[in-house]
Number of protein chains: 2
Amino acid sequence: MPRAGLNQQIVVREAARLVDEVGREQLTLAAVAARLGVALPSLYKHVRGADALAQKLSAFATAELADELMTAAVGRAGVDALRAVAAAYRSYARRHPGRYPATQRVPDPADPDHVAAGERAVGAVYAVLNGYGITGDAAVDAARTLRSALHGFVSLEVAGGFGLPRDLDRSYDEMIASLDAALRGWGSGRTS
Amino acid sequence: MPRAGLNQQIVVREAARLVDEVGREQLTLAAVAARLGVALPSLYKHVRGADALAQKLSAFATAELADELMTAAVGRAGVDALRAVAAAYRSYARRHPGRYPATQRVPDPADPDHVAAGERAVGAVYAVLNGYGITGDAAVDAARTLRSALHGFVSLEVAGGFGLPRDLDRSYDEMIASLDAALRGWGSGRTS
DNA sequence: CTCAGAAGCTAATTGCATTAGCCTCCGTCG
DNA sequence: CGACGGAGGCTAATGCAATTAGCTTCTGAG
């Protein structure tokens with residue numbers, strides 16, 4: 001009986017494919033093992049258990065998302081950067097409906113890669129703000145606003161939380177336009 | 001052996017208390033049964049199974065949230081209504097960290113109460129928009145923007161997705177101020 | 001060639017969900 | 001008043017997923 005030749009990365013990537021197909025609720029060691037053609041307990045040689053697999057999946061998906069956001073942001077500024085990052089964010093969630101929710105898990109402090117991926121993703125948001133000249137304490141509030149809008153929209157969309165699928169593209173564009181306006185005037189008329 | 005005197009509402013309300021204490025991931029028929037002092041299979045006399053309980057919990061939490069949003073909106077308009085509804089929304093999520101995620105489940109079309117609760121919650125959002133004079137097609141986009149921002153913020157907050165808990169109140173105020181500005185000028189400078 | 005560790009496996013345990021089928025309480029109707 | 005029938009609870013049994021223990025075999029370094 002030849003060995004399957006698994007390692008942690010293969011297991012985690014298979015878990016990522018699985019959740020995109022069946023939803024993150026259905027992530028199960030049994031299903032991952034079946035897809036990899038091994039017995040369930042064999043996975044324990046590569047991951048500590050079901051929760052650890054979910055955490056590694058989160059780290060993987062977060063890194064993937066951060067890469068796409070960074071790629072979208074590079075070489076752009078202002079509204080161009082905002083639009084590009086927002087589009088990349090939504091695109092990732094739509095292409096990976098199971099991985100996207102996994103990115104929302106709080107990074108495990110004991111997993112440096114996970115922490116770094118989270119910081120990279122947030123870094124893309126700060127890069128956008130930088131293009132609007134927003135820095136320092138104000139950037140904290142602006143970043144939270146931007147993250148909230150993007151995450152809120154795509155999580156509602158992916159979950160089917162908006163009624164009809166009609167005109168979602170346009171609604172997203174409108175929201176981004178509002179964000180652009182808000183960021184352009186950030187701080188004006190408020191306690192700086 | 002006297003009867004426990006359960007009914008569906010009692011079961012669902014106990015489930016609601018449970019998820020607020022231990023998180024929605026830990027919702028289990030076994031735990032609900034234990035808290036109610038009955039054997040696990042007894043619950044099947046009141047709910048169809050674990051998934052049905054989760055759906056009923058969603059309906060219950062959605063109705064509860066809709067009530068609080070409506071109460072906040074009544075008698076107010078414009079930025080006052082926006083602030084009141086936004087505060088009620090966040091308050092609910094913070095007081096009920098397990099119930100809040102349950103409200104994000106898509107209403108079951110086969111459960112009229114669930115559908116009605118969802119419509120009532122969305123109705124509170126439309127009531128706010130109405131106070132800004134936003135109606136018709138434009139309201140669809142504005143409602144999605146508003147829902148995205150509120151849901152995004154509180155879900156990130158409840159999940160611990162923002163780094164430090166520092167100044168969350170202020171960040172929320174800033175976001176609401178941005179929304180107020182966006183709604184006051186809704187449609188201006190964009191394809192109406 | 002040897003051998004030690006890594007990678008798989010089977011077996012056994014535990015916990016939750018679900019179904020089947022029994023038993024008893026209690027309100028209603030003769 | 002008494003019987004009965006359904007509702008509400010229970011125990012027993014099954015199935016699936018997770019986990020742990022301990023065995024076996026491949027494989028690569030010396």
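The chains referred to below are lettered A, B, ... by the order of the sequence lines, with proteins before strands, and numbering in each begins at 1. For the numbers below, each heavy atom of this structure counts, side chains included, while hydrogens, waters and symmetry mates do not.
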inquiry  = Parallel, tilted or perpendicular: which one describes the rings of A/Y172 and A/F153, with boundaries at 30° and 60°?
reply    = tilted
query = What residues in residues 46-60 of chain A put a non-hydrogen atom under 4.0 Å from any atom of DNA chain D?
reply = A/G49, A/A50
key: All pairs passing side-chain hydrogen bond (donor to acceptor under 3.5 Å, both in side chains) where residues 63-73 of chain A contributes a residue, at least two apart   = A/E64-A/Y92, A/E64-A/R99, A/D67-A/R120, A/E68-A/R95
query = With a non-hydrogen cut-off below 4.0 angstrom, is A/L6 in contact with a base, only sugar-phosphate, or nothing?
reply = sugar-phosphate
Closest listed nucleotide, where the reference is the side chain of B/L40 and the choices are D/dT19, C/dA7, C/dC16 = C/dC16
note = Rounding to 0.5 Å, atoms OG1 (A/T103) and CG (A/L57) come to a distance of 9.5 Å
note = When rounded to whole Å, the CD1 to P distance for the pair B/I10 and D/dA7 reads 17 Å
task = Mind checking side-chain hydrogen bond (donor to acceptor under 3.5 Å, both in side chains) for B/D108 and listing every partner two or more places apart, or none if nothing turns up?
result = none
key: Whole-Å distance separating the CD atom of B/Q8 from the C1' atom of D/dG8   = 14 Å
Could you list the donor-acceptor pairs under 3.5 angstrom formed by side chains in residues 133-145 of chain B, with sequence neighbours left out?
{"from": "B/D141", "atom 1": "OD1", "to": "A/S171", "atom 2": "OG", "distance (Å)": "2.4"}
{"from": "B/D141", "atom 1": "OD2", "to": "A/R170", "atom 2": "NE", "distance (Å)": "3.3"}
{"from": "B/R144", "atom 1": "NH1", "to": "A/R166", "atom 2": "O", "distance (Å)": "3.0"}
{"from": "B/R144", "atom 1": "NH1", "to": "A/S171", "atom 2": "OG", "distance (Å)": "3.0"}
{"from": "B/R144", "atom 1": "NH2", "to": "A/L164", "atom 2": "O", "distance (Å)": "3.1"}
{"from": "B/T145", "atom 1": "OG1", "to": "B/D141", "atom 2": "O", "distance (Å)": "3.1"}

query = For the pair made of NZ in B/K45 and C1' in C/dA20, what is the distance, rounded to whole Å?
reply = 10 Å
task = Would you kindly give the CG-to-P distance between A/L43 and D/dT20, to the nearest whole Å?
result = 14 Å
request  = Sequence neighbours left out, what passes salt bridge (Lys or Arg N to Asp or Glu O under 4.0 Å) with A/E157? Give chain and number order.
outcome  = A/R90, A/R94
query = Which of the following nucleotides, D/dC10, C/dC16, D/dA17, is nearest to the side chain of B/T28?
reply = C/dC16
request  = Tell me which nucleotide among C/dT10, D/dT11, C/dA17 gets nearest to the side chain of B/P41.
outcome  = D/dT11
ask   = From A/R147 CZ over to A/Y89 OH, what is the distance, rounded to the nearest 0.5 angstrom?
value = 7.0 Å
message = So, OP1 or OP2 of C/dC9: does either fall under 4.0 Å of a side-chain N or O from A/S42?
response = yes
task = State whether the number of non-hydrogen atoms from other residues, nucleotides or ligands found under 6.0 Å of B/R13 atom CZ is greater than 12.
result = no
request  = Check each residue of residues 29-36 of chain A for a non-hydrogen atom within less than 4.0 Å of any atom in DNA chain D, then write out the ones that pass by number, or none.
outcome  = A/L29, A/A30
ask   = For the atom pair CD (B/Q8) and CG (B/L53), what is the distance rounded to the nearest 0.5 Å?
value = 8.5 Å
request  = Measure from OH on A/Y44 to P on C/dA11 and round the result to the nearest Å.
outcome  = 18 Å
